[in-house]
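Below you'll find the structure, written out as structure tokens, and then a few comments.
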Amino acid sequence: MVTATSAVQKPLTQTRLQSIDIVRGAIMILMALDHIRDFFHQASQAFAPEDLARTNSALFFTRWITHYCAPVFMFYAGVAAFLWAQRGKTGGELSSFLWRRGLWLIVLELTIVRSFGWYFNLDFHDLKLIVLWALGCSMIALAALVRLPMRALVALSLGMIALHNLLDGIRASQFGSFAWAWSVLHQPAQFQVGDSLILIGYPLIPWIGVMAAGYCFGRVFQLEPARRQFVLVRLGIALTAAFVVVRAINVYGDAAHWSVQKSAMFTVISFLNCTKYPPSLDYLLMTLGPAIAVTGWIDRVRLSDANPLLVFGRVPLFYYVLHLPLIHGTAMLMAWIRYGSATFFFNAPPAMGTPPQAFPAGYGYDLWVCYAVWIVLIALLYPACLWYARLKQRRRDWWLSYL
């Protein structure tokens with residue numbers, strides 16, 4: 001029997017694939033735009049960019065383009081796990097690395113990222129289980145799932161992605177005192193645990209399936225370049241076409257159906273407005289399909305090691321931990337200049353649930369300001385990330401694998 005780990009026993013000499021790093025670097029840059037909008041935009045405390053009754057096309061697409069970040073990163077984290085194992089690692093070494101790194105990501109989410117990124121305080125009465133939590137839990141799950149036969153893992157991961165919307169009708173309230181368990185799995189919710197309010201923003205289904213699918217997909221990157229490019233482009237286009245067909249049918253694939261709106265542009269927006277929490281089948285087809293196709297199109301592109309896309313793509317966790325306090329600190333500085341005080345920013349940004357009354361009346365900036373801040377902060381992040389990327393190239397210390 002061929003298991004998901006038995007295929008990774010034989011050492012394989014392989015150079016690092018730039019296409020993966022380029023795509024990953026691009027989504028890290030886009031992610032910062034979304035988080036800057038959370039802190040800076042004037043509507044962030046009033047309504048979500050996906051609210052068709054109040055949004056506009058510029059705001060919607062500023063949010064929509066960042067939808068690619070979480071699924072693409074999750075998928076390529078699975079690919080990276082497969083390729084890491086090709087360096088002569090055993091199945092046991094792979095599982096050990098995955099669960100330890102996954103646990104570390106969860107700890108980071110609840111400590112450094114929470115206190116020194118999102119909140120700027122040490123009051124743990126408000127905890128949010130979001131992207132690093134989902135990434136970490138998915139890695140821990142993958143540590144066990146790689147023991148399955150590869151065909152079983154393919155079926156499980158694709159089944160989780162394609163069929164989980166059948167669970168949309170099940171509500172956490174049906175489970176009584178175990179409602180929290182269903183929220184961890186499939187329905188975002190918040191719960192009071194002692195003195196702490198815990199928000200489960202990223203339920204684990206189907207994120208575990210997305211990472212596991214990426215792990216299985218890692219085999220594609222072992223193909224010779226021309227064949228690999230052919231498969232990536234054709235499969236990416238096929239998944240994108242599948243999104244258009246499934247979304248157009250409007251029966252299954254997303255709990256939020258699209259509808260004809262007041263204008264052609266808003267009808268398109270309704271069509272693209274797929275559910276992220278948890279990510280629907282439509283959402284995953286819409287994001288993973290184009291990302292895989294782009295990976296194929298750029299598969300033979302060669303960039304300098306100092307190119308920002310490569311730099312950010314090679315140190316994504318370092319970038320993530322660094323970018324939040326930089327954004328938050330910049331928001332505080334601009335608030336102090338504008339309002340003479342920034343104490344209200346010793347808290348989460350307006351878009352993350354802090355009551356509007358905690359901020360000055362009319363707080364926020366036009367969308368163009370968010371873009372300007374985004375460009376400046378990306379430029380400020382680059383030198384530190386370049387230094388760290390070069391450090392990782394020079395050294396092989398064990399702790400470098402965890403940041």
**Complete:** All heavy atoms of D21 vs all of R24, minimum pair found to be OD1-NH2, 2.8 Å
**Asked** Hey, are Q261 and S259 close enough side-chain-wise for a donor-acceptor pair under 3.5 Å?
**Response** yes
**Message:** Does L272 form a side chain to side chain contact (heavy atoms under 4.5 Å, CB included) with R247? I'd like the steps, not just the answer.
**Reply:** CA-CA 9 Å; L272 296 175; R247 187 66 170 158; over 6 Å; no
**Message:** Determine whether the aromatic ring centres of residues F243 and F271 are separated by less than 6.0 angstrom.
**Reply:** yes
Return a table of donor-acceptor pairs under 3.5 angstrom between the side chains of residues 316-332 and protein atoms on other chains or two or more places apart.
from : atom 1 : to   : atom 2 : distance (Å)
Y319 : OH     : M28  : O      : 2.8
H323 : ND1    : Y320 : O      : 2.7
H323 : NE2    : H35  : ND1    : 2.8
H328 : ND1    : G117 : O      : 2.7
H328 : ND1    : W118 : O      : 3.3
H328 : NE2    : F345 : O      : 2.6
T330 : OG1    : L326 : O      : 2.7

**Request:** Measure the spacing between OG1 of T343 and CH2 of W336 and express it to the nearest 0.5 Å.
**Result:** 13.5 Å
**I161 vs L281 side-chain heavy atoms within contact, under 4.5 Å** = yes
**Prompt:** So, does S95 use its side chain to make a donor-acceptor pair with the main chain of A143 at under 3.5 Å?
**Reply:** yes
**Prompt:** Side chains of F346 and D123: does their closest heavy-atom pair fall under 4.5 Å?
**Reply:** no
**Request:** Determine whether S138 and I208 make a side-chain contact, defined as any pair of heavy atoms from C-beta on separated by less than 4.5 Å.
**Result:** yes
**Asked** Under 3.5 Å, is there a donor-acceptor pair linking the side chains of Y215 and S157?
**Response** no
**Fill in**
Taken to the nearest 0.5 Å, the spacing of H164 NE2 from L185 CG works out to 12.5 Å
**Item:** I292 vs R234, side chain to side chain contact (heavy atoms under 4.5 Å, CB included): CA-CA, chis, key distance, verdict
**Value:** CA-CA 9 Å; I292 291 171; R234 298 316 188 272; over 6 Å; no
**Message:** Between W207 and V131, is there a side-chain heavy-atom distance shorter than 4.5 Å?
**Reply:** no
**N/O donor-acceptor pair under 3.5 Å between R338 side chain and L333 backbone** = no
**Prompt:** Considering all heavy atoms of both residues, which atom of L153 and which atom of C216 are nearest to each other, and what is their separation?
**Reply:** CG-SG, 3.6 Å
**Message:** If you define the side chain from C-beta out and look only at heavy atoms, does anything of L17 sit under 4.5 Å from R228?
**Reply:** yes
**Message:** With rounding to the nearest 0.5 angstrom, report the CD1 to CH2 distance, I200 to W133.
**Reply:** 6.5 Å
**Item:** Minimal non-hydrogen separation, A293 against V233, with atom names
**Value:** O-CG2, 3.9 Å
**Item:** Student check: side-chain heavy atoms of I29 and W374 closer than 4.5 Å
**Value:** yes
**Message:** Let's go through W64 and F61 carefully: what are the C-alpha distance in whole Å and the side-chain angles of both, what is the deciding distance for side chain to side chain contact (heavy atoms under 4.5 Å, CB included) to 0.1 Å, and is it a yes or a no?
**Reply:** CA-CA 5 Å; W64 179 82; F61 283 107; 4.0 Å; yes
**Item:** Heavy-atom neighbours of D195 CG exceed 12 at 6.0 Å
**Value:** no
**Prompt:** Between the main-chain N or O of L59 and the side-chain N or O of N56, is there a donor-acceptor pair closer than 3.5 Å?
**Reply:** yes
**Prompt:** Is there a donor-acceptor pair closer than 3.5 Å between any side-chain N or O of Q86 and the backbone N or O of F82?
**Reply:** yes
**Reported CG-to-CZ distance for the pair L235 and F217, which is rounded to 0.5 angstrom** = 5.0 Å
**Message:** Which residue in the set F344, F40, F39, Y339 passes ring pair (Phe, Tyr, Trp, His ring centres under 6.0 Å) when paired with F359?
**Reply:** F344
**Request:** Quick one: pull up CZ in F47 and CG in L52 and give me the separation to the nearest 0.5 Å.
**Result:** 11.0 Å
**Request:** Indicate whether the side chain of K276 and that of Y202 have a donor and an acceptor atom separated by less than 3.5 Å.
**Result:** yes
**Aromatic ring pairing W182/H186, orientation class (parallel under 30°, perpendicular over 60°, tilted between)** = tilted
**Asked** So how far is it from I130 CD1 to L199 CG, rounded to the nearest 0.5 Å?
**Response** 8.0 Å
**Item:** Nearest non-hydrogen partners of Q229 and W297, listed with the distance
**Value:** NE2-O, 3.9 Å
**Asked** Does a side-chain heavy-atom distance below 4.5 Å link V369 with M334?
**Response** yes
**Prompt:** Can you check whether P279's main-chain N or O pairs, donor with acceptor, with T275's side chain at less than 3.5 Å?
**Reply:** no
**Asked** Is it the case that more than 12 heavy atoms not belonging to W99 sit under 6.0 Å from its CH2 atom?
**Response** no
Acceptor/donor pairs from residues 380-392 side chains to any protein atom, 3.5 angstrom cut, sequence neighbours excluded:
from : atom 1 : to   : atom 2 : distance (Å)
Y382 : OH     : A306 : O      : 2.4
Y388 : OH     : L403 : O      : 2.6

**Request:** Would you confirm whether S270, through its side chain, and F266, through its main-chain N or O, come within 3.5 Å as a donor-acceptor pair?
**Result:** no
**Item:** Contact summary for P49 and R37, nearest pair of heavy atoms
**Value:** CG-NH1, 3.4 Å
**Flag side-chain contact, heavy atom, 4.5 Å: L110 against L129** = yes
**Asked** Counting N and O atoms only, with roles assigned by atom type, does the side chain of S183 sit under 3.5 Å from a partner on the main chain of Q190, one being a donor and the other an acceptor?
**Response** no
**Prompt:** In terms of heavy-atom contacts, does CH2 of W180 have more than 12 from other residues, nucleotides or ligands at under 6.0 Å?
**Reply:** no
**Request:** Begin with the C-alpha distance, continue with both residues' side-chain angles, and end with the deciding distance and a verdict on ring-ring contact (aromatic ring centres under 6.0 Å, His included) for Y283 and Y277.
**Result:** CA-CA 10 Å; Y283 182 95; Y277 307 106; 8.1 Å; no
**Asked** Under 3.5 Å, is there a donor-acceptor pair between the side chain of R171 and the main chain of Q187?
**Response** no
**Request:** Kindly say whether R63 contributes a backbone atom to a donor-acceptor pair with the side chain of T66 at under 3.5 angstrom?
**Result:** yes
**Prompt:** Donor-acceptor pair, N347 side chain versus T354 backbone, under 3.5 Å?
**Reply:** no
**Asked** Stepwise, does the side chain to side chain contact (heavy atoms under 4.5 Å, CB included) test hold for V23 with I298?
**Response** CA-CA 9 Å; V23 170; I298 65 172; 3.9 Å; yes
**Request:** Specify whether W398 and Y402 have parallel, tilted or perpendicular ring planes, treating 30° as the upper limit for parallel and 60° as the lower limit for perpendicular.
**Result:** perpendicular
**Message:** Would you say D38 and S44 are linked by a side-chain donor-acceptor pair, where the criterion is simply a distance under 3.5 Å?
**Reply:** no
**Message:** Which heavy atom of D299 sits nearest to which heavy atom of S19, and what is that distance?
**Reply:** OD1-OG, 3.3 Å
**Message:** If you count every heavy atom of other residues, nucleotides or ligands that lies below 6.0 Å from R395 atom CZ, does the total exceed 12?
**Reply:** no
